[in-house]
Number of protein chains: 2
Amino acid sequence: MIRVALVDDHPVVRAGVRALLEGQEDLTVVGEASDAHSAEQLVAALHPDVVLMDLNLGAGAGGAEVTARLRALAEPPYVLVLTTYDTEADILSAIDAGASGYLLKDAPPEDLFRAIRGTARGETVLAPAVAARLVRRSGPTLTEREVEILGLLATGKSNRDLAKKLYVSEATIKSHLAHIYTKLEVDTRAAAVARAIEQRIIRPVS
Amino acid sequence: MIRVALVDDHPVVRAGVRALLEGQEDLTVVGEASDAHSAEQLVAALHPDVVLMDLNLGAGAGGAEVTARLRALAEPPYVLVLTTYDTEADILSAIDAGASGYLLKDAPPEDLFRAIRGTARGETVLAPAVAARLVRRSGPTLTEREVEILGLLATGKSNRDLAKKLYVSEATIKSHLAHIYTKLEVDTRAAAVARAIEQRIIRPVS
DNA sequence: TTCCGAATCATCCGTTCGGCTATCGATTGG
DNA sequence: CCAATCGATAGCCGAACGGATGATTCGGAA
């Protein structure tokens, strides 16, 4: 019997996953948590085999942080990230934090079951769409610096502002922008920002 | 007994809502659909009292369209929109299409129950966050024209492009942009696009 | 009917962008 | 160990942008 814990701030999703898993003979839900803090308590107390983790836990610590802390425990559970969609950086940081897999919430139940069973065996499981993003590097890969600049672009900064903020010359900024435009196949900052948000390279939050 | 039909492309969500509703004595789920087409068939065949509708049905027709068609039936069901989050325009078009209410998926189960019961009685139910958006007109209200321009801005169009596309002069475009900047409290197109996406005024899709 | 907002158009002007072309050190990886 | 990539830098130039100001028309609300 694989003991599963759910961490998600959506009651509907928790109920859904629970209902689906209870229909499987070898899977059982031993607990639920809706925030970072109770998630840690839950895992410490119940020692589940697998934790289904939503990365977006509303307010407070994010799923990646929680994942890292859970994996730092004495007998760490396997963590399977189950989320709707996130930034490439989010995915990477979750995996960095020790997540064993990454599934999207719109996955069919069979995929979910398979992923949990695989995870419980210590396998790494990635949703096809996610794997594609990571392996094929779907689309061009932006450098850290470029992502940083994109983030600032979204706040309406001018090249001069960017130069000051990053302690480089305007020429450098323009060079980066040119690279960004090429990679995103755009030719204006506005389109670059829209693209970057659409491709989840940056988030639209300030 | 209130007969409910679910329309959502996420199996997990369908299972979750079903599980939650089955725990209520006066609510029963009579059917599920994951796309526009089967949703219409389902409703025509089963005549549910309330349809829980996700606006984002993946590919194909959107939830608003489906809502409109369902409401055009001889004995139309009440439609309660249950979605994660959408554009102000989406909300309005759903209500235009005849939806009786609008709930967010992260709502606690009790709210969901209340909303379904209210909807079945013919009441209009809006999630607080949604109501606030519509009533208080949270933030400045952009005109249709301004939203249209914002959408095109996100594709990287220049003022001249916009002028040609909208059959007006560049001066007009600049005038609109100035208004947009004022309302969104920004001063560049890039920031305007980011703001607009963040505030769900436009969507980041092309 | 009066008044206001939306949409349209216009001109001026200084600033900023984006394209182009090149160079250079550092780090990483075959 | 040498190629490739990344980050940083530079100058030039035409086009685009954003700010400021003002005007007209039209339709709906007061």
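Just so we're on the same page: letters track the sequence lines, and every chain starts at 1.
Neither side chain, B:T172 nor B:S175, offers a donor N or O lying under 3.5 Å from an acceptor on the other.
At whole-Å resolution of the value, CG in B:L177 and C1' in D:dA16 are 12 Å apart. When the C1' atom of C:dC9 is taken as reference, atom CZ of B:R160 falls 17 Å away, rounded to whole Å. Separating the NZ atom of B:K157 from the P atom of D:dA16 is a distance of 14 Å, rounded to the nearest angstrom. Here the P atom of nucleotide C:dA7 and the CG atom of B:L162 are 15 Å apart, to the nearest Å. In this structure, B:R189 places its CZ atom 20 Å from P of C:dT15, rounding to the nearest Å.
Two residues, A:D187 and B:E144, neighbour DNA chain C, and the one matched to the more 5' nucleotide by heavy-atom proximity is B:E144.
A side-chain donor-acceptor contact under 3.5 Å links A:R195 to the backbone of A:L184.
The line from CG of B:L103 to OG1 of B:T83 is 10.5 Å long, rounded to the nearest 0.5 Å. Atom CZ of B:R189 sits about 4.5 Å away from atom CG of B:N159, to the nearest 0.5 Å.
For B:D161, the side-chain hydrogen bond (donor to acceptor under 3.5 Å, both in side chains) partners two or more places apart in sequence, or in a different chain, are B:S158.
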Scan nucleotides 8-14 of chain D against the protein and return all N/O pairs shorter than 3.5 Å with their distances rounded to 0.1 Å.
residue	atom	partner	partner atom	Å
D:dA8	OP1	A:R145	NE	3.4
D:dA8	OP1	A:R145	NH2	2.7
D:dA8	OP2	A:R145	NE	2.7
D:dA8	OP2	A:R145	NH2	3.4
D:dA8	OP2	A:H176	NE2	2.9
D:dT9	OP2	A:S169	N	2.6
D:dT9	OP2	A:T172	OG1	2.8
D:dT9	O5'	A:T172	OG1	3.4

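Between A:N159 and C:dC17, a side-chain N or O to OP1/OP2 separation shorter than 4.0 Å is present. The shortest distance between the side-chain N/O atoms of A:Y181 and the OP1/OP2 oxygens of C:dG19 is not below 4.0 Å.
Counting heavy-atom neighbours within 6.0 Å of B:E123 CD, excluding the residue itself, gives a total above 12.
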